[in-house]
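Note sheet for the following structure.
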Amino acid sequence: MRLLRIGEPATKVAADVRAGLTALGRGSSDLGGIALVDVRPLENGPAFESVLVTPHGIVIVAGIDLPGPALHLEAPLYGQWKADNWPLVSDGTAVNPASAALAAAEELTRRLNTLTNMAMPVGLVLAVGPFVERVTPENPENRYVRIVHPRPAALRAAIVDLVPQDGLACTAEQARAVLRTLDPTVPIQPDEVLKGEGFAVGVAAYAHAGAPALAEQATTTPMQPPAQGHKSNARGTAQKAKAAALAAAAKAKRGPQVNGAQRTPAGVDDDAPTDLMPLPLPKQASPQRGSQVRLLPIAAVLVVVAGLVAAIVMATSSSGSDEEPKPTPQAEQRPQRYAISGVEFTAVERWANDECQDLTYGDVQALIQKNPCSQIRLASYLATVSGKQAAVSLAEIEFDDPKHAKQLKELADKPGSGGAADAANMSEAWPEGKLTFHNALYRNTVEGTSVRLVRVAWVGEETSSDDKLLDRVAKTSFEVPVD
């Protein structure tokens, strides 16, 4: 998944969304595609944290800022939300905080259907923050909508759940058309980049005549229209270009129609709100239908060939300079055990990234935004000492200037100043899935241009900040590799 930044974040949870998308990595082996970050595809609608264009579907990610963290969020799509049993109310007429995002996503779905003549499924992820432990109802009310707190593992699972993993792949040309429809200022992505993300090149896919209509009949309750007053950023020229591009695309895509009409789901008015669903294919006649039907077996073979070429491109291509870096899981590439001063460390997970602010929080993140770092490396270990086991979370942050490293260490030494993400929590690689590091012991050290942030906590028992044995584990972890 390659990330392209378009605008500025519209919500506080946007930083968590971006970190989760960055953790997806590049290439089509799992979740290929292009993600537009902080994009406003509807002039009078809200901005979305991201719109993901994948070879097999489109996923819209909308951020929802809650008043504060919650252990339990009751979030019915068409009813009132409650955070830890407290009703969430708004000043307007919206039934819940997601109403505007749902309406805007439905409008964008219709827009894409009309202007791109595609039959790709469209899903919506409602990313809630700043933190939510559990969301109910657990069974989705709408098969094309998921509500999650966007930690990397949960965001990945939601996207995988919404995007089909088989069927014909969207072509590179179709992907470019969708991207330009979403925002006309998007840089044109070359074929080799799109092939590396799983898109087919030169192969008829969704927009061929006779493609199956994937739409289902809508069954949802009508919702409020998108919130008004959200004007586009100061991009007057770009917005004019966007309007012209949309009009041209609509004109180019209309073509001959059967009986002057287009296919719509049974029982649904053209203007009625619909479920987020795979986009219906307009019913069109094509003078080349016969030749297209005969070429379908060849197209299927070409899809396979394109997949093989994409795998080769993934293995040989290098990173572009204008896209998000790939955080690389590294625990399986290095020795797994280290014995240092009587403490045995077993590697659980490692990550490396040069987007430091995405993997930090609190005052530490604010300082890094002011003094950018060159790289951040995260590592998680299980430490065994005296028959007890501790969870160890390490973050090593590199700067170009040693003064910035010293400043960060001094800040991190202050209680409540923030810190860095835990590598194993990001991928839920701990034996128990995810650890909270409640009452963890914090120790930090600086050497030249590098700062190491350490937090440790006993596994399965209470942690005390004056625990001498745990302090020994923390200080010993200064010598454990993070890469």
Side-chain angles (χ1 to χ4, degrees), residues 152-153 327-353 356 359-362 364 373 375-399 402 405-406 408-483:
T328 307
Q330 300 174 348
E332 72 282 359
Q333 303 172 3
R334 295 289 188 269
Q336 300 298 301
R337 294 179 182 272
Y338 302 89
I340 304 173
S341 301
V343 182
E344 183 177 288
F345 293 89
T346 302
V348 178
E349 183 66 285
R350 298 187 182 107
W351 292 84
N353 201 330
C356 305
L359 297 176
T360 53
Y361 58 91
V364 168
C373 80
Q375 187 181 46
I376 182 170
R377 289 172 290 179
L378 307 177
S380 301
Y381 285 88
L382 282 173
T384 303
V385 58
S386 300
K388 302 174 68 175
Q389 202 168 52
V392 180
S393 179
L394 308 176
E396 192 160 283
I397 303 173
E398 295 280 350
F399 292 92
K406 184 178 179 181
L408 180 60
K409 196 269 182 185
E410 293 174 350
L411 174 65
D413 284 341
K414 300 176 181 178
S417 59
D422 175 66
N425 271 348
M426 290 175 63
S427 58
E428 296 191 357
W430 291 113
E432 300 300 324
K434 187 174 182 180
L435 298 180
T436 61
F437 286 93
H438 183 62
N439 290 332
L441 186 148
Y442 293 80
R443 294 291 182 267
N444 310 300
T445 185
V446 61
E447 183 176 348
T449 59
S450 176
V451 183
R452 178 171 292 202
L453 310 181
V454 177
R455 55 178 167 167
V456 295
W458 292 121
V459 176
E461 63 178 271
E462 290 295 322
T463 298
S464 172
S465 59
D466 59 357
D467 190 313
K468 293 183 179 180
L469 185 58
L470 199 60
D471 182 65
R472 174 186 162 196
V473 173
K475 292 179 178 178
T476 305
S477 67
F478 289 161
E479 304 176 42
V480 178
V482 292
D483 54 7

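The analysis underlying the following values was restricted to heavy atoms, covering all of them including side chains, and did not include hydrogens, waters or symmetry mates. Because the structure is predicted, anything quoted here is derived from the model rather than measured.
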## Note on the structure
Heavy atoms of Ala423 and Ala379 approach each other most closely as CB-N, 4.1 Å

### Query
Under 3.5 Å, is there a donor-acceptor pair between the side chain of Trp430 and the main chain of Ala424?
no

#### Entry: Side chains of Glu398 and Arg377 in contact at under 4.5 Å (non-hydrogen atoms)
yes

#### Entry: From Leu435 atom CG to Ser393 atom OG, the distance as rounded to the nearest 0.5 Å
9.5 Å

### Task
Kindly write out the residues that satisfy side-chain contact (heavy atoms from CB on, under 4.5 Å) with Ala153, not counting sequence neighbours, or none if the list is empty.
Glu428

### Task
Hey, could you give me the CG/CH2 distance between Leu441 and Trp458, rounded to the nearest 0.5 Å?
10.0 Å

### Message
Determine whether Met426 and Glu349 satisfy the following criterion, side chain to side chain contact (heavy atoms under 4.5 Å, CB included), listing intermediate values before the conclusion.
### Response
CA-CA 9 Å; Met426 290 175 63; Glu349 183 66 285; over 6 Å; no

### Whether Ser417 side chain and Leu411 backbone form a donor-acceptor pair below 3.5 Å
yes

## Note on the structure
Contacts of Ala457 meeting side-chain contact (heavy atoms from CB on, under 4.5 Å) (sequence neighbours excluded), chain-then-number -> Phe437, Ala440, Thr463

#### Entry: Side-chain touch Leu408/Cys373, heavy atoms, less than 4.5 angstrom
no

### Message
How about CD on Glu462, more than 12 heavy atoms from neighbouring residues, nucleotides or ligands closer than 6.0 Å, or not?
### Response
no

#### Entry: OG on Ser386 to CG on Leu469, rounded to 0.5 Å
5.0 Å

#### Entry: Closest non-hydrogen atom pair between Val343 and Ala383, with its separation
CG1-CB, 4.0 Å

### Message
If you define the side chain from C-beta out and look only at heavy atoms, does anything of Thr384 sit under 4.5 Å from Thr346?
### Response
no

### Query
Which heavy atom in Ile376 sits nearest to a heavy atom in Ala420, and how many Å separate them?
CD1-CB, 4.3 Å

### Query
Of the non-hydrogen atoms in Leu378 and Ala395, which two are nearest, and what is the gap between them?
CD2-CB, 3.6 Å

### Over all atoms of both residues, closest heavy-atom pair of Ala429 and Val348
O-CG1, 3.5 Å

### Task
Would you tell me whether Arg350 and Tyr381 have side-chain atoms, one donor and one acceptor, within less than 3.5 Å of each other?
yes

### Message
Show, in sequence, the C-alpha distance, side-chain angles and deciding distance for Arg455 and Asp422, and conclude whether the side chain to side chain contact (heavy atoms under 4.5 Å, CB included) test is met.
### Response
CA-CA 9 Å; Arg455 55 178 167 167; Asp422 175 66; 3.5 Å; yes

Contacts table for residues 474-482: side-chain donor-acceptor under 3.5 angstrom, sequence neighbours left out:
| from | atom 1 | to | atom 2 | distance (Å) |
| --- | --- | --- | --- | --- |
| Lys475 | NZ | Asp471 | OD2 | 3.3 |
| Thr476 | OG1 | Arg472 | O | 2.7 |
| Ser477 | OG | Ala474 | O | 2.5 |

### Message
Rounded at 0.5 Å granularity, tell me how far CG in Asn444 sits from NZ in Lys414.
### Response
12.5 Å

### Query
In terms of heavy-atom contacts, does CD of Glu447 have more than 12 from other residues, nucleotides or ligands at under 6.0 Å?
no

### Task
Report the distance from atom OG1 of Thr360 to atom CG of Leu453, rounding to the nearest 0.5 Å.
9.5 Å

### Query
Run the side chain to side chain contact (heavy atoms under 4.5 Å, CB included) check on Trp351 and Leu359 step by step: do they pass?
CA-CA 10 Å; Trp351 292 84; Leu359 297 176; 5.7 Å; no

### Query
So, for Val459 and Ala391, which heavy atoms are closest and what is the spacing to 0.1 Å?
CG2-N, 3.7 Å

### Message
Test side chain to side chain contact (heavy atoms under 4.5 Å, CB included) on Phe399 and Val446; report intermediate values, then the result.
### Response
CA-CA 11 Å; Phe399 292 92; Val446 61; over 6 Å; no

